Asker: 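I have a structure here, written as C-alpha cells, and I will follow up with some questions on it.
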Number of protein chains: 2
Amino acid sequence: MLDATSSYNPTAPRIPVDDRTGQDTVPETPRRTDRPSGTRYGSRPTMKDVAARAGVGLKTVSRVVNGEPGVTPETERRVQEAIEALGFRRNDSARVLRKGRTASIGLVLEDLADPFYGPLSRAVEEVARAHGALLINGSSAEDPDREQELVLALCARRVDGLVVIPAGDDHRYLEPELKAGVATVFVDRPAGKIDADVVVSDNYGGARDGVAHLIAHGHRRIGFIGDMPRIHTAAERLRGYRTAMEDAGIPVADSWMSLGVTDPERVRRAAGEMLSGPDPVTAIFTGNNRVTVTVIRVLAEHTRRVALVGFDDIELADLLQPGVTVVAQDAAALGRTAAERLFRQLDGTLLRPERVELPTRLITRGSGELPPAD
Amino acid sequence: MLDATSSYNPTAPRIPVDDRTGQDTVPETPRRTDRPSGTRYGSRPTMKDVAARAGVGLKTVSRVVNGEPGVTPETERRVQEAIEALGFRRNDSARVLRKGRTASIGLVLEDLADPFYGPLSRAVEEVARAHGALLINGSSAEDPDREQELVLALCARRVDGLVVIPAGDDHRYLEPELKAGVATVFVDRPAGKIDADVVVSDNYGGARDGVAHLIAHGHRRIGFIGDMPRIHTAAERLRGYRTAMEDAGIPVADSWMSLGVTDPERVRRAAGEMLSGPDPVTAIFTGNNRVTVTVIRVLAEHTRRVALVGFDDIELADLLQPGVTVVAQDAAALGRTAAERLFRQLDGTLLRPERVELPTRLITRGSGELPPAD
DNA sequence: CCCGACTCTGACAACGTTGTCCAGGCTCTA
DNA sequence: TAGAGCCTGGACAACGTTGTCAGAGTCGGG
C-alpha cells in the first residue's frame, strides 16, 4: 500500500518563489492553464495582493471578506472585483492561527465502509454542519495504535472537538488535550482510564432481550458468536447472553460461545462447530452485523432449520426467507447524540462527563421465532 | 437542525489571555481538571513554553519535534521531558502556514451513509494514509450549492487535493483552485465545463449488458427505473438501456421509463405503474442500489414473477429468493484509482487530465434469468 | 467658520511554526 | 599550542490573517 516511489511529500520545505524565477531553472510547462496576472504560480493570491490590486489597505480586504461593517459600497465593489479577478480564497490556516478555533471536529471510527458506521458518520456530519463545522474522518481499523495516531493528528490540527469510537482501552494519552479544552465524546464504546462523555447503546440489555426471545420460543441450546472479547460491545453482549441464559436456568456449554475476529472464515468455522458438535445448538445469537451476514449464509447452506437473532439491523433482512429477527441499534442516533453533546461541551452548557445509554429495539421477522428443530 | 441557542461560535474572536487574569472576571470552575503549571487555561503550550521549560532555544525544540539532526541526546532528553510535562502538541495550522502543504485531502460525495460511498471513502482514505495525508469528508446531499460550498471550504483549508463526486454540472468555480495547484479528480461522474481528471464506471456499457441479459432471456417489455436525468450516471445508464433495446429491435414505450428522485414512494409508484398498465413489463432494470432495494420490496408483494437486474451490487443479494442479478461496479476501486491519480498529480507524474473508465461486471444470481411470465 | 462627532481606512503587532544564518564552543591536526 | 573545521544552539524573519488603535475625511451644528 505504501508507495515508496511517490515524491509527494507534505513535510518538504516550500520552495521560495524567488528561487524559481531564474531562466535556467525554469520549470517544465506550467500545469494545465495560465494564471491571471498578479498571481505567482503555485502560490495563491493573498489579501495583500487583493489590497494592492484594489488600491486599498489590507484590513479593508479583511473587512470585506468577513462581511464586517464600515466599508463603503464603492470600496467593497472594488475589493470584490479584485477578489474575483485574482481568484482569492481566504487561507483558513492563517485564520485559525489567529483566531484559535478551527470550526472542525474529528471523528475516529473503525471502518467507514461498514454499514453501521456510515450512517453514524453522516449523522455527526449533519450536526457539525448545523454548527458551521467541518468533519474530518479517520478509520482506526480496530487498531489501538492507529487510533491514537489519528486522534493526535487531529489534535495537532486543532480540531475543536473529537468524537471517538475507541479501538483501544487506554485513553490517558488524551489527558493533555482534554485539559487544553478539546471537547471529546466517546461513542459506541466507553473511554478507557479517563473520565469522559460516553454515548453507547444498551448492548447488555439488547443482547439479553434477544436471547430471551429465543428462549421464549422454546430454545435452550443457544449459541453466541461475537467479536473479540477485548471490544467492550462484544463483552457486554456476551454478558447479556449469559444473563438471559442464567435467568432461564440454562447452563451454558463452553462450545456454545465463540468470540474472535469477525472475518467470514472464523465465523463459518465457529457456526459449523456449534451446529455439528455432540451437543448442537438449535439457535444462534450473533454479536454484530458482519457476523449475522456470515451466519445467514451458513444457515442457508444448512438443512436443519436453525433460529437466529442478530445484533444490529441489516438491509434486506426483512426480505429473506425467513426474515431475520434483530436487535437493532440506531447508528444515526448514536452519532447525533454524541455530536450534540460535543457541541454542548463547546457551548459550555455541558459541564460534567456523563454516560448516555440509548435503547435497542427487538425487531421480529421470523428467524427468531422458529421453534427448536431437534 | 440548526441550533439557534448555541453559543459555540467558531468565528468569534479569541479572548486575550491577559483579559482573564483580573480577579473580578475569573471564570467559573475550570472544566474537569487542573492543568500542569506553565500552561494557561484554554490556550495550549507552545514551543516557546517548551523551550523556556527545557532551558533551550525555540529552534532546538523545533528540531526535536521534527526529528532533525543536530541536537545532543542530553538536550533532546530535556526537551522531550518538557514536552511530556506540558502536554505540548505541535500546532499544525502554524506549520501549514509556514510550509504551504497541509497533508490533507478532501472528499466530497453525496451521502456517506449510502453503502456505495462508504467503501469508496474508505479506499480514498487508505491511499491518503499511505501518503501521510488525512481525509476530510463532506456530503453534498446531491445539492450543487452545497457541493460548491463544501469544496470551497476545503480549499480555504488549503487541502492539497480534492476528490469530488459532483452533484452539480458546472465546476468553473474551481478554476482558480486548479490554477493554484490544487490537485483534483472527479469520480463516478464527470466534471462540468472544466478540463479535469475523471474516474468513472462504464455506466453505459454496464446498463446495456444488463438489459441485453434480460433480452437474451426472452424479455421484450422491459422497464427502466432510474435516478434524476440530470445526474450523469443516470443518463448514461438510460442510454445503455435504450441502446440494448434498439440493438434488439425493440421499440420502447414511454411508460416503461421512469426517472426521478430515488425515494421509496416515487420508485414504488413507478414500479406499480409499469407492472399494472395496459402494456405491463415482464422485467425491470433498476438504475442504482436504492432503486433496486425498493423494487425488490415491490416485487416481493407482487404475485406475478417479474425479472430484475439492478445496477450496483447489494449486500445479501445472493441470499434472496431468487438471488438478485446485478451489474456490479467496484466502489473501492473507483476511490482507490481516483486517489492514486490525485497523488500522482501532486507528485508531478501525472500532467494531463484524463478520463479513466472502470469496467462493470454482470453477476447472475437468478432474478435476471426468470423467463417472461405473460 | 470652526469644532466635535462620526465614518471609513490603514499601519502594525500577534498568532505558532520553520528556514536562514551566525556565534560560540568543541575537537582534531599540524 | 594555535588554527581550521565541525557541531550545537539561538536570534530573527516570514507565512497570511485578524484585532487594536489611530489618523484622515466628512458632515452638521453652533
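Computed from a prediction, not measured in an experiment: that's the story for all the values here. We name chains A, B, ... by the order of the sequence lines, and we start the count at 1 in each one.
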Asker: Kindly indicate whether the side chain of A/K48 and the base of D/dG16 share any N or O donor-acceptor pair separated by less than 3.5 Å?
Answerer: no
Asker: Would you say B/N66 places a side-chain N or O within less than 4.0 Å of OP1 or OP2 belonging to C/dT18?
Answerer: yes
Asker: Using a cut-off of less than 4.0 Å, is there contact between a side-chain N or O of B/T72 and OP1 or OP2 of D/dC7?
Answerer: no
Asker: Test B/R341 against every option in B/D197, B/T349, B/T184 by the side chain to side chain donor-acceptor pair (under 3.5 Å) rule and name the one that passes.
Answerer: B/D197
Asker: Report the distance from atom CE of A/M47 to atom C1' of C/dG10, rounded to the nearest whole Å.
Answerer: 14 Å
Asker: What is the distance from CD of A/E74 to P of C/dC8, rounded to the nearest Å?
Answerer: 13 Å
Asker: Any side-chain N or O of A/K99 less than 4.0 Å from the OP1 or OP2 oxygen of D/dG19?
Answerer: yes
Asker: Could you give the CD1-to-P distance, from A/I83 to D/dT17, as a whole number of Å?
Answerer: 10 Å
Asker: Should A/T75 be listed as having a side-chain N or O under 4.0 Å from OP1 or OP2 of C/dT9?
Answerer: yes
Asker: Does CD in B/E68 sit with more than 12 non-hydrogen atoms of other residues, nucleotides or ligands closer than 6.0 Å?
Answerer: yes
Asker: What is the distance from CZ of B/R78 to C1' of D/dG9, rounded to the nearest Å?
Answerer: 11 Å
Asker: Remember a base hit wins even if backbone is also touched, and classify B/G70 as base, sugar-phosphate or nothing at under 4.0 Å, heavy atoms.
Answerer: sugar-phosphate
Asker: Does OP1 or OP2 of D/dT18 have a side-chain N or O of A/R90 closer than 4.0 Å?
Answerer: yes
Asker: Do any N or O atoms from the side chain of A/D160 and from the backbone of A/I105 form a donor-acceptor pair under 3.5 angstrom?
Answerer: no
Asker: Can you tell me the distance, in whole Å, between the CZ atom of A/R158 and the P atom of D/dT17?
Answerer: 20 Å
Asker: Whether B/S62 contacts C/dT17 is assessed here as follows: a side-chain N or O lying under 4.0 Å from the phosphate OP1 or OP2. Is that the case?
Answerer: no
Asker: Using atom CG of A/L97 as one end and atom C1' of C/dT18 as the other, report the distance to the nearest whole Å.
Answerer: 13 Å
Asker: Hey, which sits more toward the 5' end of DNA chain D by its nearest nucleotide, A/R89 or A/R63?
Answerer: A/R89
Asker: Measure from CZ on A/R98 to P on C/dA14 and round the result to the nearest Å.
Answerer: 10 Å
Asker: What's B/V71 touching, base or sugar-phosphate or nothing? Going by heavy atoms closer than 4.0 Å.
Answerer: sugar-phosphate
Asker: Please state whether the rings of B/H131 and B/F343 are parallel, tilted or perpendicular, taking 30° and 60° as the class boundaries.
Answerer: parallel
Asker: The side chain of A/E68 is closest to which nucleotide in this list: D/dT17, D/dG19, C/dT17?
Answerer: D/dG19
Asker: Between A/R95 and D/dT18, is there a contact of a side-chain N or O with OP1 or OP2 at under 4.0 Å?
Answerer: yes
Asker: Give a yes or no on whether the backbone of B/A156 and the side-chain of A/R90 come within a donor-acceptor separation of less than 3.5 Å.
Answerer: no
Asker: Could you state the atom-to-atom distance from CG of B/L58 to C1' of C/dC21 in whole Å?
Answerer: 15 Å
